[in-house]
Amino acid sequence: MSSHAGTLYVVATPIGNLQDITPRALEVLRSVSLIAAEDTRHSARLLQHFGVTTATTACHDHNERDKSARLVERLLAGEDMALISDAGTPLISDPGFHLVRQAREAGVLVSPIPGACALIAALSAAGLPSDRFSFEGFLPAKAHGRRQRLEALAGEQRTWMLYEAPHRLLECLEDMLELLGGERHVVLARELTKTFETIKGAPLAELVEWVRSDPDQQRGECVLVVEGAPQSSDDDALDPAAERVLDILLEELPVKQASALAARITGVKKNRLYQLALEKGR
Ligand code: SAM
């Protein structure tokens, strides 16, 4: 690492409540020579609120790759810099990956200034197992892609989390209901740290009804925290003959049809076979 190179600070900003910015984040934002921001106009409000007068430059999804090279040159020349996104922790479903990678590859010190992150805030209050978990970001916007990802996630045994846009929330929950079943516990964490913060956990069938019947629940920002699929134990080990039927059908048919047909042939529950097929990675 060049001895006089500057440091790139990756600074978390609030996800709603401005008081969630940390004193260290403010100290860093004031001390660096440049702040690379996802949207400089958006961040201007936050910076003005806290009297931070440091210069800003735009670094977003559309210019990040090219911009990073120039920013890394300045870092190598000795400038300290901060990276922020519109809300929460940069790089978490936000820009910053290319800049951080290029900076590290160039030998620049990259230092995180931790703070708010919607997925961690949601998980911390959801009451679902948090010892191991998986973050799935945003699902594809189109129904086909979304359903494919949900099918792949149906057998995930760890708690898993999604970010979802408010206008797609109900559709997404309806697909989840169909593909995961009505009993799976899901927590909807909305508007975290804001005035209308709502954290509602319920079996999917109930949650979908609740969101459908109250348009207010389809507004604002939200995180979905999903209970993992039940662990299969030796007690409920599947009859090997039923598994064999499923395997044969999976050679010819998609997961959904194969498990439905195998259920009719063997008498084993369709969901059980469906989960097994997903675990087999079909
Ligand atoms: N970098 C951010 C973070 O650390 O959480 C996430 C940025 S991503 C572009 C924005 C998504 O995060 C929103 O669509 C929503 O799913 C989630 N999110 C952000 N703020 C939130 C909040 N206050 N309450 C619930 N979800 C939030």
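When a ligand or atom number is given, it counts from 1 through the structure's own listing order.
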**Message:** How about CZ on F50, more than 12 heavy atoms from neighbouring residues, nucleotides or ligands closer than 6.0 Å, or not?
**Reply:** yes
query = Is E183 atom CD crowded by more than 12 heavy atoms from other residues, nucleotides or ligands, each under 6.0 Å away?
reply = no
Counting only non-hydrogen atoms and a 4.0 Å cut-off, the residues near ligand 1 are I15, A87, G88, T89, I92, S93, D94, C117, A118, F138, Y163, E164, A189, E191, L192, K194, E221, C222, V223
Closest heavy-atom pair, Q217 versus L169, reported as atoms and distance to 0.1 Å, is O-CD2, 3.4 Å
message: With a 4.0 Å cut-off on N to O distance, would you call R212 and E209 a salt bridge?
response: yes
Pairing of E178 and K256 as salt bridge, 4.0 angstrom limit = yes
For the residue pair S134 / E136, report whether a side-chain donor-acceptor contact shorter than 3.5 Å exists. yes
